[in-house]
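Chain naming here is simple, since letters A, B, ... match the order of the sequence lines and numbering starts at 1 in each.
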Amino acid sequence: MTENKINDSDIIAKFSVPETRNFAFNQLVRTYQQKVYWHIRKMVIDHDDADDLTQETFIKVWKALDNFKGDSQLFTWIYRIATNECLNHLAKKKRRFFIPIHNISEELSNKIDDSHLVSGEVIQLKLQKALLTLPDKQRLVFNMKYYDEMKYEEISEITGTSIGALKASYHLAVKKVEEHLKKSEY
Amino acid sequence: MKKENFNLDNLPKENIFKIPENYFHDLPMQIQAQTSGHSRVVPIISWSKRSTWGSVAACIAIAILGYFTLMPEQSSLGSESLADVRNQEIINYLIQQNLTQGDIAEQFNINKNIEIKDSELIENLKVSEKDILQSVDLEDIGEEI
């Protein structure tokens with residue numbers, strides 16, 4: 001974490017100088033692209049959507065990095081932008097086609113069945129499908145806690161939700177997923 | 001048959017999603033290709049103390065010029081249109097405007113009942129005798145005598 005902090009401050013310092021701005025931004029993208037991409041990909045499932053949203057996230061970072069106050073870690077600030085991009089994308093998708101929520105889950109679930117997009121054991125596929133039955137925000141919390149192993153404090157900073165509410169949300173998500181897997185005759 | 005409880009902790013964490021080959025190698029270049037199109041706009045007008053005071057001074061100058069150019073026009077218009085009207089008629093009009101006949105009659109009755117003596121008026125003004133003597137023109141007294 002300390003090493004990251006030094007790198008982050010270096011990136012921000014170099015970004016503020018016009019001559020080193022592009023170099024600094026390139027460093028930033030290379031440092032965070034995988035975390036951002038996988039965070040988005042787990043939410044939207046489809047690679048093309050995840051690719052678009054990742055690029056959009058970094059373009060927003062480019063535009064707003066001058067205004068970054070350093071109140072939070074650079075990483076959580078970028079994560080917050082990516083999270084908003086994901087949630088807006090999913091909300092737009094629902095509005096655009098007037099599709100009920102369960103159909104969106106079904107649509108994403110079908111993508112999991114596509115062998116071009118995913119590979120893994122059956123149980124892992126079932127877990128992903130079980131996750132799609134959760135509300136978007138609850139799925140987001142689950143992903144950050146379970147896969148990214150983030151602290152509740154960090155998740156709270158990103159989502160703007162209290163730690164207590166996050167704990168409750170994660171606990172419920174785990175119960176629902178386990179119940180779903182149990183029903184699907186694991 | 002009773003199913004066993006499923007425990008997520010017993011499941012290995014695996015990433016099942018695939019990505020195109022060299023995706024993370026190419027992504028920074030794709031992003032930078034887009035950001036180079038977003039050239040940063042440097043604001044042409046920047047805040048400075050001098051320009052702010054200059055703007056304030058210009059606004060005040062315009063307001064003063066406007067006042068002196070517009071006001072004479074308004075007054076000349078008034079005097080021209082009222083040139084043919086006698087002063088007494090204007091005074092009568094101003095006194096009676098917005099008053100109903102009832103108001104005028106009432107006011108007339110009130111004034112009729114009130115008699116105010118000069119001595120009472122001076123008392124109400126609370127002016128000392130010394131002050132009164134100083135303000136009286138001695139030549140006028142001479143004329144009276």
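- Residues B:Leu27 and A:Phe23 are members of separate hydrophobic clusters, defined by side-chain heavy-atom contacts under 4.5 angstrom among Ile, Leu, Val, Met, Phe, Trp and Tyr.
- Between B:Ile19 and A:Trp38 the shortest heavy-atom distance is CG2-CH2, 3.7 Å.
- Atom-to-atom distance recorded for A:Leu125:CG and B:Ile16:CD1 is 5.0 Å, nearest 0.5 angstrom.
- With contacts defined as side-chain heavy-atom distances shorter than 4.5 Å, the pair A:Glu149/B:Lys13 qualifies.
- Heavy-atom distances place no part of A:Gln27 under 4.5 Å from chain B, backbone and side chain included.
- Annotation for A:Lys167: atom NZ does not count as buried by contact number, only 12 or fewer foreign heavy atoms lying within 6.0 Å.
- The two residues A:Gln124 and B:Pro12 make their nearest non-hydrogen contact at NE2-O, 2.7 Å.
- Using cut-offs of 30° and 60° on the angle between ring planes, the pair B:Phe24 and A:Tyr37 is perpendicular.
- For the pair A:Lys42 and B:Phe17, the NZ or CZ position fails the cation-pi test of under 6.0 Å to the six-membered ring centre and within 45 degrees of the ring normal.
- No more than 12 heavy-atom neighbours from other residues, nucleotides or ligands sit within 6.0 angstrom of CD on B:Glu21.
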Next on the checklist: Please determine whether side-chain contact (heavy atoms from CB on, under 4.5 Å) holds for the pair B:Leu8 and A:Leu127, giving the CA-CA distance in whole Å, both sets of side-chain angles, and the decisive distance to 0.1 Å.
Outcome noted: CA-CA 9 Å; B:Leu8 266 181; A:Leu127 171 59; 3.7 Å; yes
Item to check | Derivation of the side-chain contact (heavy atoms from CB on, under 4.5 Å) call for A:Phe58 and B:Thr35 | outcome: CA-CA 9 Å; A:Phe58 281 110; B:Thr35 54; over 6 Å; no
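- Put simply, A:Tyr170 and A:Ile163 are part of the same group of oily side chains (I, L, V, M, F, W, Y) that touch within less than 4.5 Å, one to the next.
- Clustering ILVMFWY residues whenever any of their side-chain heavy atoms sit less than 4.5 angstrom apart, transitively, puts B:Val56 in the very cluster that holds B:Tyr67.
- By the criterion of side-chain heavy atoms lying less than 4.5 angstrom apart, applied directly or through intervening Ile, Leu, Val, Met, Phe, Trp or Tyr residues, A:Leu28 is not grouped with A:Val17; the two fall into different hydrophobic clusters.
- Note: A:Gln55 CD to B:Ile31 CD1 = 5.5 Å, rounded to the nearest 0.5 Å.
- By the 4.5 Å heavy-atom criterion applied to side chains, A:Arg41 and B:Asn15 are not counted as neighbours.
- Remark: the A:Asp51 side chain and the B:Tyr23 side chain contain an N/O donor-acceptor pair separated by less than 3.5 Å.
- Scanning all heavy atoms of the two residues, the minimum distance from A:Asn26 to B:Pro28 falls at ND2-CB, 4.2 Å.
- Two residues are said to be in side-chain contact when any heavy atoms from C-beta on lie closer than 4.5 Å; A:Phe25 and B:Gln32 meet this criterion.
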